[in-house]
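By convention here, the first residue in the shown sequence is residue 1. Atoms within a ligand are numbered from 1 in the order they appear, just like the ligands themselves. It should be emphasised that the depicted structure is a prediction, and the values quoted were computed from it without experimental measurement.
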Amino acid sequence: MSARRDLATLDLSTEPLSHLAGVGPRVAAKLETRGLSTLQDLWLHLPLRYEDRTTLLPIRALKAGMAAQVEGRVEAVERGFRYRPVLRVAISDDSGATLVLRFFHFRAAQVAQFAVGRRLRAYGTPRAGQQGLEIVHPSYHMLGDGEDALLGELLDPVYPAVEGIGPASLRKLIGQALDRLPAAAALELLPPAFLAGMGLPSLRDALLTMHRPPADADIAALGAGTHPAQRRLAMEELLAHHLSLRRQRIALQQHRAPALRGRDGLVKALRESLPFKLTGAQQRVFDEIRKDLARAHPMLRLVQGDVGSGKTVVAALAAMLAVERGKQVALAAPTELLAEQHLNNLRSWLEPLDVRVAWLAGKVTGKARAKVLEDVASGHAQVVVGTHALMQDSVVFNDLALAIVDEQHRFGVHQRLALRDKGATAGVVPHQLVMTATPIPRTLAMASYSDLDVSAIDELPPGRTPVQTIAISAERRPELVERIRVACQQGRQVYWVCTLIEESEEDAGPGNARMDAQAAQTTFETLSAQLPELRIGLVHGRMKAAEKQAAMRAFKQAETDLLVATTVIEVGVDVPNASLMIIENAERLGLAQLHQLRGRVGRGATASSCVLMYQAPLSAMARERLETMRLTNDGFLIAEKDLELRGPGELLGTRQTGLAAFRVADLARDAGLLPTVHDLAERLLSDAPDLADRIVRRWIGGAVRYASA
Ligand code: ADP
Ligand code: MG
């Protein structure tokens, strides 16, 4: 590859968009908010879907649910307010049928356009309305009198919107960027022999196909994301991510870490003092950790274990390996309540062994805080348990050898790295153990965590009775109230989880803190009236942190019988006496969330139940989700199903995990490409590291740091 060609490609791909016609500072700033700052960013800003404007359909031939383009004359215009402003425009064509175009958002100028008798073309997906078929918010354009607009020769791409830039302008900009695409050979980073072997197009051809698909393109394949052009792009993108993760792993392995080979005295003492025997899975995972820690290179291991699988004790055992060598351990949890639970466990296990456990959370202030900081800095504190407070600059360790992060997906990447860096000196970094109760399907783990080692605690401690799950319609709510009364009379505790029902298309779904809080408040009041003999607590996202914690703590200490909560209730909170959970509007929640919530019950020896209450009628997807929940308690199976139903983007949110979102690739769909991607990555890393660099830079840039860094 000649140096000149390299330069040409690099120059173009990194060329700022301000060089395009129509891009001044204001437009550039708007594009920037979407991460679009170079020509290459526009090349990779790919269509969400396509509109087929190469043909016109007679209005009579329209079918509900099938997108189509029609042409007609305005017959009637009606503007009204029922619950909100609405504009209805009836059009008809020579086929004699009528179609209604319905708008909820519109400007006065738009209304004026629709004069009776004017011709227009509209595109959209019709649905059955009150007066026959209608299209809500079609895309349309007016035709001049006698104007015989040509039909398109290409399928029209529809791009992800950029706020403040109209779709037509965006398309023009992308068109300009595409006109400057370099020749295939100059743009290509994948080995041509590899592409030929896979039957995949060059990057240039793939991009042109995606942005300007010919009228005869396989639109079904494009819609399904299985077109060779998409596979080609997905391949390169997955490759870029994998390479970047491999790089980071290699970089981490360049560092040294304290080799924690102990005499095992404390480990043995802890094991013997536990009131239970480790499960086989706990033992196996601990052995894996012990092997890692004995090496003079940093461990980076993710322990996945379903809720209640007993990750804490494994972490405690690992901590003993460090303490035995005179080193310190940090254990961070995402909320004060969870951290406090760890503190209580660790104190009860470790203090009898004369291990000093310190506590650092936001509410530890003043003199107490100064004392903790001093103990941490002097090395007097051997195990330090806490929240985000552990990651602050003022916290300095004497000799941190192991950083443990629980529920790691709820921390920002930077926070975890900040904790790790507290033990870093002169090329030596601490070992890291991250734990999660969110099971990650194998394919996802392969792609997202290929730079860290994964252990699974795939067995629950004995004596747990699996949670019985039933799904019932909300009409049967009165029966549930009785059931709660009975459970509480028997000394059990109950969770009632509220989510909001969507009232119209525009309302936010569950997760909208304000609406959810309102729903919880209302339910709290209703249940308080119906069950006056019970002590009822309330937790929702709009309460102050201290109030939330107080309500959770009261429930944990059995001072309340029934806890009405939104989905904010804590992951990992252990209340073994809670044996009934009711989830309202369960059809609105994803599988992962349902599984996490259900994990709050079934933690004691009593048989527990989970009632999924739904609003009929159920969509096919919702029915499948509830059915999956009913049939299995296995977090890994549920995660696989979730991946299949929802796709990975939602499974691991970008912001939370630090995992970059994919532009083209879809792990559920493209998992089959991974083995090839992995092979090619190894070849590039050894034979063409400069190409590997450029592939990473093209897709990821320098900015992204991963969950697993
Ligand atoms: P999680 O993996 O969800 O963090 P925890 O570590 O909180 O689970 O453990 C859940 C409960 O199970 C705790 O009360 C813990 O003491 C108990 N436990 C852990 N391991 C075992 C075991 N091998 N046998 C019996 N109980 C156990
Ligand atoms: Mg836990």
Side-chain angles (χ1 to χ4, degrees), residues 267 270-289 301-320 329-352 357 383 385-387 404-411 433-440 454-467 493 495 552 555-558 569-579 581 592-593 595-606 608 633-636 638-639:
V267 170
L270 174 54
R271 292 189 58 154
E272 283 168 1
S273 71
L274 289 173
F276 49 76
K277 241 181 90 204
L278 294 188
T279 62
Q282 284 171 319
Q283 180 63 53
R284 175 171 43 75
V285 171
F286 176 57
D287 286 341
E288 286 163 0
I289 294 169
R301 187 171 284 278
L302 171 71
V303 172
Q304 299 185 50
D306 218 338
V307 282
S309 62
K311 294 181 288 293
T312 318
V313 71
V314 173
L317 287 165
M320 291 308 90
V329 179
L331 169 55
T335 68
E336 201 159 302
L337 196 78
L338 270 183
E340 204 175 272
Q341 188 171 290
H342 285 319
L343 178 75
N344 293 336
N345 279 327
L346 291 185
R347 282 209 164 131
S348 72
W349 290 332
L350 305 185
E351 284 183 349
V357 182
V383 177
V385 180
T387 55
I404 306 174
V405 177
D406 193 17
E407 304 300 346
Q408 65 104 19
H409 59 285
R410 296 185 54 193
F411 280 100
L433 179 62
V434 295
M435 306 197 285
T436 181
T438 309
I440 300 160
V454 180
S455 298
I457 306 186
D458 48 9
E459 179 187 352
L460 291 182
R464 305 261 170 91
T465 349
V467 179
Q493 286 168 280
Y495 291 100
M552 286 303 304
F555 189 64
K556 197 169 153 100
Q557 290 164 0
I569 61 171
E570 313 259 344
V571 173
V573 165
D574 200 22
V575 184
N577 191 45
S579 63
M581 170 172 284
Q593 200 168 16
H595 180 64
Q596 283 293 340
L597 287 170
R598 182 174 61 181
R600 312 290 109 238
V601 292
R603 301 188 137 236
T606 345
S608 296
N633 277 295
D634 181 328
F636 285 91
I638 289 173

Can you list the ligand 1 atoms lying under 4.0 Å from a non-hydrogen atom of [X]?
X	result
Thr279	23 (N)
Lys277	22 (C), 23 (N), 24 (N)
Lys311	1 (P), 2 (O), 3 (O), 4 (O), 6 (O), 8 (O)

Requested in this report: Compute the shortest N/O to N/O distance between Gln282 and ligand 1 and return yes if it is under 3.5 Å, no if not.
Outcome: yes
Requested in this report: Before signing off on this row, confirm whether Gly310 and ligand 1 have an N or O atom pair separated by under 3.5 Å.
Outcome: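 Checking ligand 1 against Gly310, an N or O pair does fall under 3.5 Å apart.
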Report task. Report the residues that fulfil side chain to side chain donor-acceptor pair (under 3.5 Å) with Gln283, sequence neighbours left out, ordered by chain and then residue number. Result -> Arg271, Asp287
Query - Flag side-chain contact, heavy atom, 4.5 Å: Val601 against Ser579 - result: no
Value rounded to 0.5 Å, distance of [atom1] in [X] from [atom2] in [Y]:
X	Y	atom1	atom2	result
Asn577	Phe555	CG	CZ	8.0 Å
Gln282	Thr312	CD	OG1	9.5 Å
Leu338	Thr387	CG	OG1	11.0 Å
Asn345	Leu350	CG	CG	9.5 Å

Contact check, [X] vs ligand 1, heavy-atom distance below 4.0 Å:
X	result
Arg603	yes
Gly308	yes
Gly305	no

Query raised in the report: Does Asp406 approach ligand 1 within less than 4.0 angstrom via side chain, backbone, both or neither, non-hydrogen atoms only?
Result: neither
Report task. Measure across Ala558 and Gln493 and return the closest heavy-atom pair with its distance rounded to 0.1 Å. Result -> CA-NE2, 3.4 Å
Query raised in the report: Among Val303, Leu278, Thr312, whose heavy atom sits nearest atom 6 (O) of ligand 1?
Result: Thr312
